[in-house]
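Beneath this line is the structure, given in structure tokens, with notes to follow.
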Amino acid sequence: MEHLPVEVIGNILSHLGSARDVVIASATCKKWREAWRNHLHTLSFNSSDWLVYHELTTCMLEILITQTIFQTRALKCLTIYMDVLDEFSAAPVIAWLMYTKDSLRQLRYNVRTNPNFNIIEKCGRQKLETLVLAHNSITGVEPSYQKFPCLKSLSLSYVSISALDMSLLLSVCPRLETLSMVSPEIAMSDAQTSMELNSSSLRHFYVESFGLDKFMLEADLLENLHLKDCTFEVFELVSKGNLKVLRIDDVSVIHLDIGESTENLEIVDVSNFTIMWPKFYLMISKASKLLKLRLWGVVFDDEDEVVDIESISVCFPQLTHLSLSYDLRDGVLHCGLQGLSLLLNVVVLELGWTTINDLFSVWVAGLLERCPHLKKLIIYGVLSEVKTHEECQTFAKFTESILQLGRKYMQVMVEFEYE
């Protein structure tokens, strides 16, 4: 051990993560203390790492963090997650940021400050590549001097920011590739109920728990779009056809437009979503490279609409993973088995129900016939705690039919996931 270069020791300490563990390890010997001071690049203060954090006063925590950070000289990654606190004083937080600004590459911070100050003002124009910010506010973005030339990943959770400042913030991040927004508090004027974001470098966009009349995203290079638990009247994506992944989960939107250039889509995952299937299908029908299609808990605007398996097999010839949930309303099955085309490349099939009946087994058997090269079948189901005799009989028949299918398709591995 005594022949290890001090830089290697610093790297070892950095992999510990927890500030408490790093401090204890650094007491090993003089050489390890030197590594701690000059070569430690990762430090994390997380209230879940050490129960004593819960017992300390805010003032004592501020002193502890200040003393620890000020003993280092080369921090690149700093994490401060203190869920046990309501707020820190602004002065020590500013001191931490100013002390580490020349070396810091990643900052993760989730504690409110009092009085509130603009954190990005203290982080801009530096070498920061990742910024994860929660429970804070961003005000008065000034593009003339607040710039993030190296920032590649930005995550904002429960952050208060105006629509204008959000737009300006993206404009000062010329290399931004990943943007995540969770429950943002967007300040809007009475005359403004829309947001327009523009990024020439953005590749991944995730937004959760957000509502707005109109949301427009212009991102020529966008590859991954994920909307979760959102409400929009209009959501519009303007891009140049690089989109590969589209995920929509528990979203209410009247007009959805992801553009006409969908040829490069590889994954479409839609769940808990009210959909006009013909319009949505037309939107993704050019995705001949599609590998995974998931339609789960989808509600149709028109009760007569049917997901056409025949069209899916024709338009998505490379599909390898298909997930469909069973929905029978007024005797109409929304995922029908019309046509004779096979899903030749599908190797994983996920099927599920919310309310099981005798037709579900027939539906499963019909889809198995369509997938001659299937390797894995996963059945998802919901079982109520109290079952009537009729429900028990239905489930028994289903179990028997699956056993029979298992004997017929010996090459298929069958799994069950019940709630």
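FYI, side chains are in, hydrogens and waters are out, and symmetry mates aren't considered; it's all heavy atoms of this structure.
Under the 30°/60° scheme for interplanar angles, the aromatic rings of Phe235 and Phe215 are found to lie parallel. Classified by interplanar angle (parallel below 30°, tilted 30° to 60°, perpendicular above 60°), the ring pair Phe70/Tyr99 is parallel.
Glu177 has no carboxylate O lying under 4.0 Å from a charged side-chain N of Lys152, or vice versa, which leaves the two without a salt bridge.
The closest donor-acceptor contact from the side chain of Asp213 to the backbone of Glu233 lies at 3.5 Å or more, if one exists at all. A donor-acceptor pair is defined here as one N or O able to donate and one able to accept, closer than 3.5 Å; such a pair exists between the side chain of Asn345 and the backbone of Pro317. At least one donor-acceptor pair under 3.5 Å links the side chain of Asp165 to the backbone N or O of Gly140. Without hydrogens or angle criteria, Thr68 side chain to Leu64 main chain gives a donor-acceptor distance under 3.5 Å. Of the possible donor and acceptor atoms, none in the side chain of Asp49 sits under 3.5 Å from a partner among the backbone N and O of Ser47.
Side-chain contact check for Ser271 and Asp249: at least one donor-acceptor pair (N or O, by modelled atom type) lies under 3.5 Å. In summary, the side chains of His255 and Glu236 do not present any donor paired with an acceptor at a separation below 3.5 Å, with no hydrogens or angles considered.
Contact record, Tyr53 with Ala19: OH-CB, 4.3 Å, taken as the closest heavy-atom pair. Val412 and Leu374 get closest at one heavy-atom pair: CG2-O, 3.4 Å. Glu62 and Pro92 get closest at one heavy-atom pair: CD-CG, 3.8 Å.
Just one residue in the list Phe416, Tyr418, Phe360 forms a ring-ring contact (aromatic ring centres under 6.0 Å, His included) with Phe395, and that residue is Tyr418.
The 12-atom threshold is not exceeded at NZ of Lys375, counting heavy atoms of other residues, nucleotides or ligands nearer than 6.0 Å.
A centroid separation of less than 6.0 Å is found between the aromatic rings of Trp96 and Phe88.
Residues Phe45 and Leu61 have side chains not in contact (no heavy-atom distance under 4.5 Å, counting atoms from C-beta outward).
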Please output the side-chain donor-acceptor pairs of residues 72-87 that fall under 3.5 Å, not counting sequence neighbours, one pair per line with the distance.
unit_1	atom_1	unit_2	atom_2	d
Thr72	OG1	Ile69	O	2.7
Arg73	NH1	Asn38	OD1	3.1
Asp83	OD1	Asn110	ND2	2.9
Glu87	OE2	Asn114	ND2	3.2

